[in-house]
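Only heavy atoms go into these numbers, but all of them, side chains included; no hydrogens, no water, no symmetry mates. Remember, it's 1-based here, ligands and their atoms both numbered in the order they're listed. Being a predicted model, the structure only gives us computed values, none of them experimental.
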Amino acid sequence: MIGGGTTAIECKLLNRHLLALDINPHAIELTQKALDFESEYNPRIKVKLNDARDLSLLKDESIDFILNHPPYVDIIKYSDKQIKQNLSNIHDIDLFCDEMEKVARELYRVLKKDRYCAILIGDTRRNKMYQLLAFKVMQRFLKVGFELKEDIIKHQHNCKATGFWVKKSKEANFLLIMHEHLFIFKK
Ligand SMILES: C[S@@+](CC[C@H](N)C(=O)[O-])C[C@H]1O[C@@H](n2cnc3c(N)ncnc32)[C@H](O)[C@@H]1O
């Protein structure tokens, strides 16, 4: 779920080997372009089209660290809505969690024992009411065997859509969601 490639850029700057995956060919292209810069380091970085629910390209217990940044249900659609494999096309929160459980199971399988898996995820609203998306996804990671080491709160201000939501929140009397959870799991 490499998206526009922020994690890949950081890996190149910090000299970390990386396997970056995404289901969207456009994300693969964006990430490859984003990596086209001079850096002090030249780590091994592979960018591949792959569904996060099937990591059969990787052996059990072969990965040192995982960073996963999934869509937050369908808040932002990362591909054409016909493409069912893209989890950003799932509206129903429980169905989304079912698919994230498949991702979590694969992440657990490929991670080495005693190593960490981080996932960044936020919440949402439905009919003005708060939906605990992040906690529900976190519970699926616990279900497949991970232990929760930390819940780091990332403040989130001034996003592209903030202006639109400030106006709406005043009209409809709800608070803006201004944080995301960075869950750190241990295998
Ligand atoms: C929140 S974005 C990641 C943003 C990223 N952190 C960045 O710097 O741009 C989520 C990504 O998950 C990808 N994605 C959705 N379903 C997927 C799946 N089944 N397997 C792999 N990637 C998937 C989307 O295409 C999208 O690029």
Give me the residue, atom name and distance of the protein heavy atom closest to atom 16 (N) of ligand 1.
Leu87 N, 3.0 Å
Using a 4.0 Å cutoff against the non-hydrogen atoms of Gly4, which atoms of ligand 1 qualify?
7 (C), 9 (O)
Among residues two or more places apart or on two chains, list those pairs meeting ring pair (Phe, Tyr, Trp, His ring centres under 6.0 Å) that have a residue in residues 108-132.
Tyr108-Phe146
Numbered atoms of ligand 1 (with element) below 4.0 Å of Pro70, judged on heavy atoms:
1 (C), 10 (C)
When only distance counts, is Asp51 in polar contact with ligand 1, meaning an N/O pair under 3.5 Å?
yes
For ligand 1, which atoms sit closer than 4.0 Å to a heavy atom of Gln85?
16 (N), 18 (C), 19 (N)
Which of the atoms in ligand 1, numbered in the order shown and given with their element, are less than 4.0 Å from a heavy-atom of Asn24?
25 (O)
Below a 4.0 angstrom heavy-atom separation, can you tell me which part of Asn50, side chain or backbone, both or neither, approaches ligand 1?
backbone
Consider every N or O of Ala27 and every N or O of ligand 1, then say whether any pair is closer than 3.5 Å.
no
Indicate, as side chain, backbone, both or neither, the part of Ile76 found under 4.0 angstrom from ligand 1 when only non-hydrogen atoms are considered.
neither
Of the backbone atoms (N, CA, C, O) and the side-chain heavy atoms from C-beta on, which set of Ser79 has a member under 4.0 Å from an atom of ligand 1: side chain, backbone, both, or neither?
neither
The protein heavy atom nearest to atom 15 (C) of ligand 1 is Asn86 OD1, 3.1 Å
Would you say Leu21 has any N or O atom under 3.5 Å from an N or O of ligand 1, going by distance alone?
no
